[in-house]
Amino acid sequence: MNLFEVFLVVAFAIGVVAIVWLAVAGVVSRHRDHRTAEERWADEHGDEDPKKVKLRGGPSWMGPGPGF
């Protein structure tokens, strides 16, 4: 195996480990979170109506745009 092949194998292995780690961390986090789906929505979105279509994005990191 040449150096490029070794790099590809190592990069693939790191990617697989990262994906597995994220999946396990997500399962553990979900298991430890005892809130219902409605409680999570309220915590993340405040008083938004979940059935209303949102046509604009949230606050911008650049501040309010012109005309606001």
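Each residue takes its place number in the sequence, starting with 1. These numbers come from the heavy atoms of this one structure, side chains and all, not from hydrogens, waters or symmetry mates.
At a threshold of 4.5 Å between side-chain heavy atoms, the hydrophobic network of Ile, Leu, Val, Met, Phe, Trp and Tyr places Val9 and Ile14 in one connected group.
Applying the side-chain contact (heavy atoms from CB on, under 4.5 Å) test to Ser29 and every residue at least two apart in sequence or in another chain returns nothing. Evaluation of the salt bridge (Lys or Arg N to Asp or Glu O under 4.0 Å) rule for Arg35 yields Asp33, Asp43 as partners, not counting sequence neighbours. Residues passing the side-chain contact (heavy atoms from CB on, under 4.5 Å) test with Glu5, sequence neighbours excluded: Met1, Asn2. By the side-chain contact (heavy atoms from CB on, under 4.5 Å) test, Val28 is found to be paired with Val24, Arg32, residues two or more places apart in sequence or in another chain being considered.
Cluster partners of Val27: none. The rule joins Ile, Leu, Val, Met, Phe, Trp and Tyr whenever side-chain heavy atoms lie under 4.5 Å apart, and it links nothing here. Side-chain heavy-atom separations under 4.5 angstrom define the hydrophobic clusters, and the remaining members of the one that includes Phe7 are Phe4, Leu8.
For Leu3, the CG atom sits in a loose shell: 12 or fewer heavy atoms of surrounding residues, nucleotides or ligands are nearer than 6.0 Å.
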